[in-house]
Amino acid sequence: MQQHHNTEPETIQGTVGSVIYSSQDSGYTVCEVEGEDGLPVVIVGTLPYIGEGDIICATGKWTTHPTYGRQFRVETYEKQFPTTKAEILRYLSSGAIAGIGPKTAARIVEKFEEDTFEVLEFHPEWLAELPGISRQKADKMSESFIEKSGARNVMMFCADFFGTSTSMKIYKKWGGRAIEMIRSNPYRLCDSFSGIGFRRADAIAQTCGIAADSDERIAGGLTHILTTAAFGSGHTCLQRGTLIQETAQLLSVADDLVSIRLDKLLQLGKLFCETREEIPYIYLPRYHSAEVYCASKLIQLHVQCPKIDSADISAFIDRTERLSGIRYAKEQRQALTAALDRGVLILTGGPGTGKTTIIKGLISIFSALDMDIALAAPTGRAAKRMSEATGCEAKTIHRLLEMEHNDNTDPLFARNASNYLDEDVIIIDESSMIDILLLEALLRAVKPGARVIFIGDVDQLPSVGAGNVLADLIDCDCFSTVRLTEIFRQDSESMIILNAHAINEGRIPDISNHASDFFFLSRDTDASIANTVADLVKNRLPKAYGTDFAAGIQVITPSRKGAAGTEELNLLMQSILNPPAPEKSQRGAHGVVFRDGDRVMQIKNNYSVEWIKEGLEGLGIFNGDIGEIDSIDASAETMLIDFDGRMTDYAFSQLEELEHAYAITVHKSQGSEYPVVILPLYNCAPMLLTRNLLYTAVTRASKMVILVGRKSVLTTMVENDRHAARYTGLKHFLKG
């Protein structure tokens, strides 16, 4: 493990002698720098576009690597162009510029001396005056020099605002035009690069002299409010009045200025407006086109699928009953009939109501009809559970659509409107988690005439992403919808299932049966709630049920904030379950210490992360995926993480996408199932103390639920049936 010395940052300056290693993707570099004393120093860090002959001034700290010895770890650096004849000659002799070797470099520098770089950039025709250099060759030298100096200029300009890795992304995407593009409209950074928010772009705009009431700033503000509404609250659109008011407040400009700019953007097709019940709703283009397309495709699928005679449908269901030895209940038979009758079916119901039985019945019937079937779910955990329950392979929707690698924040799918899925029937589980953009990607890949069956629990929390897909599909009243309500005998003994239904119906769960799988431990203070949760995980449950049982525990809490929120609980539980040790490597990032053996969660979709599982390669680690840190390599600045068998290397620059997962929020637990769920009940933000949040948390557990906290909070949550409003238009487009 690399030892870190607690010293103040130091600065070293010198010429790059040789580049030992450099990653083109991450910019991570190991090179030798010749200092002013002529002695070589090994420096390591993110140093993109560094080459032999470059003169750099680097700030960082000295470290000692167990294998490679003393190194200087760079935190920030500046690359300075050579100015003396000797420096220029060394730079050009290194091969940094295409077409210029040591001999040619010597001739050019001898002729043009300190003006060499100016000649290379502005007067390449002068180079052609030298013997052996044609005009064509001179132009190529000039192009290579401009490209190199362009990278340097962009990196230097961006260094005032961004870290090296972000600056590198900007240069890779926009090249030498980056400075001009940023200066003219910094707000375009928000649309083009993940992680660059409006406030940072606004700060850059101030330094570039862009007026507070400029068209660019108001347009950036409108886009920011709509984007925040989508990512933060799940809205695909906002009421016009709300959008104008919030944008004006954000920018400290008059409402009428915002209104005028909004109308211009609508005329240009940069934003869209849909009026419903005399209220205009404003959309970003991607969400508008997604809702319009999804509505059109779903109606098309519903009416286009091949018809099956009703007498035949009944016979198929009877045959499946005989083969499986199952007698379908009235609601289940109704669901099977509807799936065979039309192209789109929505099946919703709580735990223990027989959704899996219906999926198995559908597989049996459609297989007998010689139809190809695809099973899928939004998350890896949900797909795995679907596979185990049915005995058939289920994939994530991303894998079903054959997601491809790209450098952008949005995924690309090989399966789309020009390369349809082969299957005749697509069955999607945990459909409450599907957002509008994922639904659009799925529907674009479904061939005309195929059937799509959405299965889920509409009473759970809606998707993390924008949209209210399952609820809108049910509320539009355009498709066959079956709601399962009957709890079947094998599940009626489970207090988890009975109490989940009680909560959903607005009744206080039964917490009196101490021999059951559903417990309540009363605690009065937030500190005692947090300490009890930690004690259950560390001591009480492993002692009572064994360490294997304890490995299946997940703490799920309503909020990030407070003594029993994820931030405080993760600190407490890491210190108890995975304390520091000499043999454990660790790395700090965004105020958090990550350590070998830590339980971590991915907190945003990353479609380009590569992983290997049992020899198979794949792409993508998604919001809510939980893994364990296998090892930390400080010298390579990477962290190996095991996500349910998917082994993936994270660069230290990606650690902002991770947080600890000893405790997670209820929202992040969607689509997952854990053997044991511990839920702290404490006084957090009232908007989080809702019935559907409690219901979602309880239904994550398969073997045991333990509630820890105040009875009054439990009562508040059960009685609070308030659902946060989501502004979406799918239902209205379907009706229209």
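What you see below is based on every heavy atom in this structure, not just the backbone, and it leaves out hydrogens, waters and symmetry mates.
- Within the 4.5 Å cutoff, the side chain of V533 has no heavy atoms near those of the L572 side chain.
- For the pair D625 and R646, the salt-bridge criterion is met [side-chain N within less than 4.0 Å of a carboxylate O].
- Between the CG atom in L694 and the CG atom in L681 there is a gap of 7.0 Å [rounded to 0.5 Å].
- Two residues are said to be in side-chain contact when any heavy atoms from C-beta on lie closer than 4.5 Å; H723 and T690 fail this criterion.
- When atom types are taken as modelled, the side chain of S432 and the backbone of G456 share no donor-acceptor pair closer than 3.5 angstrom.
- In this structure, the side chains of P686 and N720 stay at 4.5 Å or more apart for every pair of heavy atoms.
- No donor-acceptor contact under 3.5 angstrom links the side chains of T728 and N468, judged on distance only.
- Considering only heavy atoms from C-beta on, Y695 stays 4.5 Å or farther from V666 through its side chain.
- Using cut-offs of 30° and 60° on the angle between ring planes, the pair F198 and Y187 is parallel.
- E430 has its side chain out of reach of E673: every pair of non-hydrogen atoms, C-beta onward, lies at least 4.5 Å apart.
- Between H398 and F622, the two ring planes are parallel [angle under 30°; tilted spans 30° to 60°].
- Open room surrounds CD on Q249; 12 or fewer heavy atoms of other groups in view lie less than 6.0 Å from it.
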Q.
Using side-chain contact (heavy atoms from CB on, under 4.5 Å), reason through D459 and T699 one step at a time and then give a plain yes or no.
A. CA-CA 11 Å; D459 295 315; T699 53; over 6 Å; no
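- We find the CD1-NE2 distance between I282 and H235 to be 14.5 Å, quoted to the nearest 0.5 Å.
- With sequence neighbours excluded, no residue forms a side chain to side chain donor-acceptor pair (under 3.5 Å) with Q670.
- For the residue pair E291 and Y283, a side-chain donor N or O sits within less than 3.5 Å of a side-chain acceptor on the partner.
- Pairing each heavy atom of E568 with each of A563, the nearest pair is CB-O, 3.6 Å.
- Side chain of K355 to main chain of G349: a donor-acceptor pair is present (N/O by atom type, distance under 3.5 Å, no hydrogens or angles).
- T566 contributes no side-chain N or O that, together with a main-chain N or O of I664, makes up a donor-acceptor pair within less than 3.5 Å.
- A 4.5 Å side-chain heavy-atom check between D457 and P351 finds at least one atom pair inside the cut-off.
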Q: Please test E659 against K668 for salt bridge (Lys or Arg N to Asp or Glu O under 4.0 Å), starting from the C-alpha separation and ending with a verdict.
A: CA-CA 12 Å; E659 61 184 32; K668 293 288 187 188; 6.0 Å; no
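- R700 places a side-chain heavy atom less than 4.5 Å from the side chain of Q460.
- Listed here is the closest heavy atom pair of P558 and Y682: CD-CE2, 4.0 Å.
- Side-chain contact check for K395 versus S387: every heavy-atom pair is 4.5 Å or farther apart.
- Between the CG atom in L658 and the CD1 atom in I629 there is a gap of 7.0 Å [rounded to 0.5 Å].
- Heavy atoms only, all atoms of each residue included: I632 and D596 are closest at N-OD1, 3.2 Å.
- Every residue was checked against the side chain to side chain donor-acceptor pair (under 3.5 Å) condition with E719, not counting sequence neighbours, and none meets it.
- Atom CG of residue L250 and atom CG of residue D202 lie 7.5 Å apart, to the nearest 0.5 angstrom.
- What you find for P542 and L536 is that their closest heavy atoms are CD-O, 3.5 Å.
- In terms of heavy-atom proximity, P378 sits nearest to M433 at CG-CB, 3.8 Å.
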Q) After noting the C-alpha distance and the side-chain angles of L541 and I706, does the key distance pass the side-chain contact (heavy atoms from CB on, under 4.5 Å) rule? A) CA-CA 11 Å; L541 291 174; I706 304 174; 3.9 Å; yes
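- The side chain to side chain donor-acceptor pair (under 3.5 Å) search around N578 returns K584, D598, not counting sequence neighbours.
- Residues D526 and R710 are paired through a salt bridge, judged by an N-O separation under 4.0 Å between the basic side chain and the carboxylate.
- In this model, no donor atom of one side chain and acceptor atom of the other lie less than 3.5 Å apart for S672 and S669.
- The backbone N or O of Q245 lies less than 3.5 Å from no partner atom in the side chain of D255, so there is not a single donor-acceptor pair.
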(Q) side-chain contact (heavy atoms from CB on, under 4.5 Å), that's the test. Do V458 and R483 meet it? Break it down for me. (A) CA-CA 9 Å; V458 76; R483 182 184 277 273; 3.3 Å; yes
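- To the nearest 0.5 Å, atoms NZ (K711) and OG1 (T715) are separated by 5.5 Å.
- Heavy-atom minimum distance, M573 versus A534: CG-CB, 4.4 Å.
- For T532 and R523, the side-chain atoms include at least one donor-acceptor pair closer than 3.5 Å.
- One distance of note links CG of L730 with OG1 of T236; it measures 8.5 Å at 0.5 Å rounding.
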Q. So L688 and M717, side-chain contact (heavy atoms from CB on, under 4.5 Å) or not? Walk me through it.
A. CA-CA 9 Å; L688 294 170; M717 293 181 85; over 6 Å; no
